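Encoded as structure tokens, the structure appears first; notes follow it.
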Amino acid sequence: MIKNYKMEPVIERNSIPSLLKILSSDYSIIAPQERNGEVVFDDLKDPECLVLGYKVTILPPKKYLFPPEEILFTYSGKGVRTPSITSKKLLIFGLSLRDLEAITQLDEIMSTPHPDYFYWKRRSRSILVGVTDESVHAPPGGDLILERMDDELYRAIPLTQAGKKIVKGRFFKKQDILPHKGEGNQVMEELRKLLLDPETLAEAVKWSRAEGHPVWEELGKRCIGCGICTYVCPICHCFSMENSVSLDGSTCTRCRKWDACTLPGFARIAGGYDHHPSQKKRYYNWYYHKFVRGYKEYGKSQCVACGRCQTYCPARIDIEKELLGIVKDYREACG
Amino acid sequence: MAKRISESLITKIEGHGSLHVDWEGRKAKLHVVEGERLFEGILVGRTAEEVHWITPRICGVCPIAHNLASVKAVEDALGIIPNPTTVLLRRLMMTGQMIQSHVLHLFFLALPDYIGLDRATELAEKDPKAFGRALRLKEVSDEIAFCIAGRNVHPTTTTIGGFHKIPDKSSLQRLLRMLEKTSPDASWTARLFTSLPYPELDADLELLSLKGDGYSIYDGDTISSSRNDDTSVKGYKEAIEEEVREYSTAKFGSYRKREIMVGALARIAINGKGLGQKARKFAKSLDLNNPFHNNLAQAIEILHFHEEAIMLIEKLIEEGMDGTVVRPSINPPLKGIGAVEAPRGGLYHEVHLREDGKVTYANIITPTVQNLTSIEKSSQTLLDSNPAASKEELKRLMEMLVRAYDPCLTCSVH
Amino acid sequence: MQREAKKLKVGIFDFTDCEGCQVKLVSLRERLLALLERVEIVNWRLGQEKNRMDRFDLVLIEGCPITQDEIDLLKLLRERSTHLIGFGTCATMGGIPAIMDQKERAKWYNKIYGPQYKPRGIDSLPLTSYVKVDFLIHGCPVDENEIVRVMEELLSGKKPAYRGYSVCFQCKLAGNPCRLINGKPCLGPVTQGGCGAICVSGGSPCYGCFGIRDTAQIEGLLDILKGMADKEEIERYFTMFLRYTKEYNEIVRPFMERENG
Amino acid sequence: MKNLYAPIRARVTRIEELSENVRLFRFKKDRGRFAKNHGGLTFIPGQFVMAGVWGYGESPIGILSSPYEDSFMEILVRKVGVVTNALHRLNVGDEMTIRGPYGNGFPISSFEGKDVVMVSGGCGIPPIAALIEYIIQKRERFGRVYLLYGAATPEDILARKRLDTWGRHINILLTVDHPSPEWKGHVGLVSEMVKDIEINPLNAVATMCGPGPMMTALERILRPLGISDRRIYVSLERKMQCGIGKCQHCVTGDSYVCIDGPVYNFDEIDKNWD
Ligand SMILES: Cc1cc2nc3c(=O)[nH]c(=O)nc-3n(C[C@H](O)[C@H](O)[C@H](O)COP(=O)(O)OP(=O)(O)OC[C@H]3O[C@@H](n4cnc5c(N)ncnc54)[C@H](O)[C@@H]3O)c2cc1C
Ligand code: SF4
Ligand code: SF4
Ligand code: SF4
């Protein structure tokens, strides 16, 4: 039997901190680290604090491309000023395949119908490096992916010029490797499967509402409207504007801030009329955007089954379980 | 008939009170009109963990002192001895507390009297540099509180047996850099307050402070008097008596039936040897019988606690930190006392708990309660020793005198 | 840009409380000075000697009107001010003093002061129990950035707005593990954001001092709390700051009674 | 790439107080004229601008002036909240902010050769006004044109002068709920005037704008005329923050009111779940 050996660039686990140390002269490095018992993306001050093989981070890396709060312009008597985004380039390290996929989706969303100036200013100054235990078949995005072969070794899959440049560095060597069989990260595997057929998902969600499926009544009661699911989702991207005049009256600022469609004021207009007057409606809207409108607009669901909304929902609403239930009932009802 | 010298409340003190003087009989009384909140009742039925959440709300000027007094009382009741990191961090919190409170009092409440201003913010125009120094000291003390206690007013990180969360090394290093920058401001403050023209007054003061090793404000275990009459903290309730007077919502305290003064002046009188290098030099100019000198004593303390904060941070960084929270011991006594030196003097919290951790009894004695009797007495001395002065002049002097005690009437009526 | 030419006449008053919110005002430091460029403080007992009582464009009231004098002054201030604003949780919701209701008071006066004592305090209720209040700056204590935001809105002639989001927003930004998920009670989801989730970040629970947010899903939260705390504990959470809110009386109490029955 | 969220500066050149809460603002660009991007028009009737005041935010507001006019634009603003109050505090000569025009506007070319019935009430006049200005310029290309306009009282009828001018070109039917002593016109509901309309329902379009529940108005006013739902156009109102299809506030089902709307035919609206 002929073994399928291939010469590929690899890096040892032990060399990763040194690699990051070197890269930090050109980039600000963002990487997963532990804080209060949770894993979060943060500035990596000490490469030894890097955490790999984590399950999920609270906030997704979108916060670096689309910050929770950012100034869109300031105005003083002299004129309008758009803040310049010229800090050091970002290197976001240790992204999961799902987070990479989410950023690929955000890229598309933030280009439609017009490119979002602020997102792209940041995005074009950032490099994404994924690290995964899963085997990589179709890379979901990013500049470079490090696929874990065993405890010591990562295979490097460069996807862009920038990625290739990193792989040329001295911590990488070429080596014959066996194609490895990844373990998968076991988060929301069932939802993962559902997402392969976004059309059915879209149909099922739409159907469930039209048929008055009891799930919406129930979720409308359970959801406490805290907004967490949308903040932690790597694809959610609603926002609101906040305008202010500084204390001394000299400068006006418009700031955009993450908003959440599950919050009460989201669709309320002056005078108090509310287009989403109940938690049930607001919660349904969240699913509708992800699975119906998302599919209509981009041909896929706006979900990558990262598991965050389920992990961090204080009401323990499990999107995977709910969708499985809806799809099952839909299939039974509509054959 | 008694006629009020100030028609309205005394301004620039914490809380609501007015001086009433009977000019014919030449008698002075301090009316405290703060509403009663009844904290000792509020606490009953709450849990041990809620005590140090609730008591800081007695006073927003010295919330850290109340917070720690409560934590200590509950730890005493539960037989907990916190680890050395916890003690260092709490002492650091207390240095922040002292500077915060003294800066507020000295610059915002007291100083305007001595330099002929109505309000402190006028200083911002008159002497922006000086005002800038005051603001920097306020900032650095707030930062200590934010960093260790979680917030500048009403702590969020403290818990029974330790801390929910301890700061990381880099934030301590940041604090250290800030403190190094504000060191000259602390020295300048001590110099400034040494140079002020304090009115002369010999009030024959008995001064009272907690005493332990060094300049202890967090862990003194003896109540010590300048008349060499000491009591162990355990006996605080017998030694410090509280008397209800019909004209005041605050009780009037005394030590073994004598009027005593507590606060910065008393601390320096009792613990002066423990003052830091730089602060010690200024202590010589203090007149321990003149309550007006409490202002100067506070200024000296700003410098001292500034030095102490630096020392504590260096120690924490050097020795490393241990964030473990100590659990209650088996068969704890369920009755405990926590005493600290708050900015205005000795503060005593006592708590009794049920097995399930609910509070059954709480007693709180604040420094201002202890000072009220002394304030009245010193006012009387001021009246008696200035027979020729006009009412106007006396009124001004008496308000300055009350302010010098830095009374916290909100604390006194808790 | 619009700018009022004349300075707003401001009064700052404190009723019975801890004065921590005024301390926060001083903690604004440079920003307080910037504010003073735009307003004239005509009355501030804690801050200045010369005080006037004529008319106010804006009155900030800290504390709980517990005594008759305070209640009378509150009513007078309402008459004399264009905008009357509650400053801090004692003023806006009764705060910590409101843990004790009027019935309990008599008992504790007796225990603490003795039977001879003639109390001054009547009851600890929020300002809104006595007069119409134009805006509530919640917080125990108030937050510096929120003071600035509300002042900016007032100075530019806007009607200040309440925050539509919950404490959870900033709690997630801060990277805190969620208390509820770890089986510890928290009122963050039903509480108006803006405080920076400072208590949860410090390791303490959120007791809701920033006020119940608009259209909060309280029953949903109660269902969650039921799973981790007994009735008494839930009660203790809601009565730390929120006893006199409409939501406590109309939703929490009936819910607890139903649970009992 | 451009910062599409930054508005341009505009200057108020005229303010008319139409009622206690409604003001008309005329403004021009700080520099130059408004571009004629839409086949010789500066905007398509039914489109809106994001009008605002520095430091106060911005609001979607329909354009009232003629789409042929490129030296100024006019809007009508009802005072209801932060931005609209700030606009009402402006004086002639003050600066305001503008982004747009945004939205789809009426499918005006498909209106040609047809009878047009426009129903409007209260503040719903702006998009209709622009449409009327458009129609008047090419009057011969349209069949019979009606404006049915209802207001609470005669004082609430906005843009009286304009109505007089328009009346020379199109049929205007006015009605009020509460007449003043001098009022000689119709009193009662707009629906009662339908009997005076002569159109060919198979070759007509209708537009509706204004307050009140859409469905009941439709049932009462337009259904009796027999115009198909697909040719009845309505301008929707939804909360908006960005105006360019990103912020998600204005979505209704599958569509973004700020780009796919605000004008929809009734058939489309009926299919939307909210
Ligand atoms: C397509 C369209 C055309 C419109 N045309 C006009 C017009 O010609 N004249 C007129 O007076 N009004 C018009 N409106 C309504 C107008 O936009 C709102 O009255 C206005 O946004 C209220 O803003 P505010 O800041 O004063 O109110 P606030 O209640 O303070 O609202 C704050 C912000 O929320 C958003 N918002 C609130 N209400 C609405 C709303 N009804 N629609 C959209 N966004 C809202 C806005 O961004 C607003 O600035 C139109 C609305 C839409 C969608
Ligand atoms: S699992 Fe939840 S958080 Fe993750 S992408 Fe899907 S919807 Fe968003
Ligand atoms: S801890 Fe409290 S405030 Fe934070 S996310 Fe959980 S519920 Fe919200
Ligand atoms: S976390 Fe809760 S209790 Fe703490 S400040 Fe915020 S709202 Fe108040």
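Quick caveat, the model's predicted, so the values are computed rather than measured. The chains referred to below are lettered A, B, ... by the order of the sequence lines, with proteins before strands, and numbering in each begins at 1. Side-chain atoms are counted along with the backbone in the values below, which use heavy atoms only and exclude waters and symmetry mates.
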Highest number of heavy-atom pairs under 4.5 Å with chain C: which of B:V244, B:N363, B:L109? B:V244

Heavy-atom cut-off 4.5 Å, strictly under: side chain, backbone, both or neither for C:F15 against chain B? backbone

Of all of B:W53, B:F163, B:F108, B:F39, which one pairs up most often with chain C through heavy atoms under 4.5 Å apart? B:W53

Output the option from B:T158, B:V44, B:V413 having the highest count of non-hydrogen pairs under 4.5 Å with chain C. B:V44

So what's closer than 4.5 Å to chain B heavy atoms on C:P205: side chain, backbone, both or neither? backbone

Less than 4.5 Å to any heavy atom of chain B: does that hold for the side chain of C:I41, its backbone, both, or neither? both

Between B:K395 and B:E392, is there a salt bridge with N-O shorter than 4.0 Å? no

Which region of B:F146, side chain (C-beta onward) or backbone (N, CA, C, O), has a non-hydrogen atom less than 4.5 Å from a non-hydrogen atom of chain C, or is it both or neither? side chain

Counting only N and O atoms by type, is there a donor-acceptor contact under 3.5 Å from the side chain of C:R29 to the main-chain atoms of B:G132? no

Interface moiety of B:E40 toward chain C, non-hydrogen atoms closer than 4.5 Å: both

Please answer whether the main-chain N or O of B:V153 pairs with a side-chain N or O of B:R151 as donor and acceptor at a distance below 3.5 Å. yes

Considering only heavy atoms, which portion of B:R403 lies under 4.5 Å from any heavy atom of chain C: side chain, backbone, both, or neither? side chain

Option that, when pairs with chain B are counted at under 4.5 Å, heavy atom only, ranks first among C:G20, C:P141, C:G95, C:C18: C:C18

Please look at C:I112 and chain B and tell me whether the side chain, the backbone, both or neither of the residue comes under 4.5 angstrom of a heavy atom of that chain. both

Please check if the side chain of C:K118 supplies one atom and the backbone of B:Y247 the other of a donor-acceptor pair under 3.5 Å. no

Which of the residues C:E19, C:E49, C:M100 is involved in the greatest number of heavy-atom pairs with chain B at under 4.5 angstrom? C:E49

Check whether C:C140 gets within reach of chain B through its side chain, its backbone, both or neither, counting any heavy atom under 4.5 Å. both

Neighbour count above 12 (heavy atom, 6.0 Å) for B:E125 CD: no

Taking side chain as everything from C-beta outward and backbone as N, CA, C, O, which of these in C:S27 sits under 4.5 Å from a heavy atom of chain B? Side chain, backbone, both or neither. both

Between the main-chain N or O of B:G162 and the side-chain N or O of B:T159, is there a donor-acceptor pair closer than 3.5 Å? no

Between B:D118, B:I58, B:T410, B:D113, which residue shows the highest count of heavy-atom pairs closer than 4.5 Å to chain C? B:D118

Could you tell me whether a side-chain N or O of C:E146 sits under 3.5 Å from a main-chain N or O of C:V142, the two making a donor and an acceptor? no

Measure centre to centre between the rings of C:Y113 and C:W108, then say whether the value is under 6.0 Å. no

For chain B, find which of C:I96, C:V200, C:L32, C:I66 contributes the most heavy-atom pairs closer than 4.5 angstrom. C:I96

Please classify the contact of C:Q116 with chain B as side chain, backbone, both or neither, using a heavy-atom distance under 4.5 Å. neither

Using non-hydrogen atoms and a 4.5 Å limit, figure out which bit of B:L135 sits close to chain C: side chain, backbone, both or neither. both

Charged N-O contact under 4.0 Å between C:R45 and C:D14: yes

Let me know if C:L36 has heavy atoms under 4.5 Å from chain B in its side chain, its backbone, both or neither. side chain

Counting only heavy atoms closer than 4.5 Å, note whether C:E232 contacts chain B via side chain, backbone, both or neither. side chain

Tell me whether the centres of the aromatic rings in C:F241 and C:Y248 are closer together than 6.0 Å. no

Contact leader toward chain C among B:E49, B:E139, B:H154, where contacts are heavy-atom pairs under 4.5 Å: B:E139

Which atoms of C:D69 approach chain B - backbone, side chain, both or neither, heavy atom under 4.5 Å: neither

Out of C:C199, C:C90, C:P97, which one racks up the most heavy-atom pairs below 4.5 Å with chain B? C:C199

Below 4.5 Å from any heavy atom of chain C, which atoms of B:S248 appear? Answer side chain, backbone, both or neither. backbone

Between C:L46, C:L33, C:N51, C:T67, which shows the greatest number of heavy-atom pairs under 4.5 Å with chain B? C:L46

Sub-4.5 Å side-chain heavy-atom contact between C:D101 and C:R243: yes

So what's closer than 4.5 Å to chain B heavy atoms on C:K111: side chain, backbone, both or neither? neither

Winner by heavy-atom pair count (cut-off under 4.5 Å) against chain C, out of B:Q100, B:E36, B:R119: B:E36

Can you say whether C:T239 sits under 4.5 Å from chain B via the side chain, the backbone, both, or neither, judging by heavy atoms? both

Test: B:R245 cationic atom under 6.0 Å from B:F252 six-membered ring centre, within 45° of axis: yes

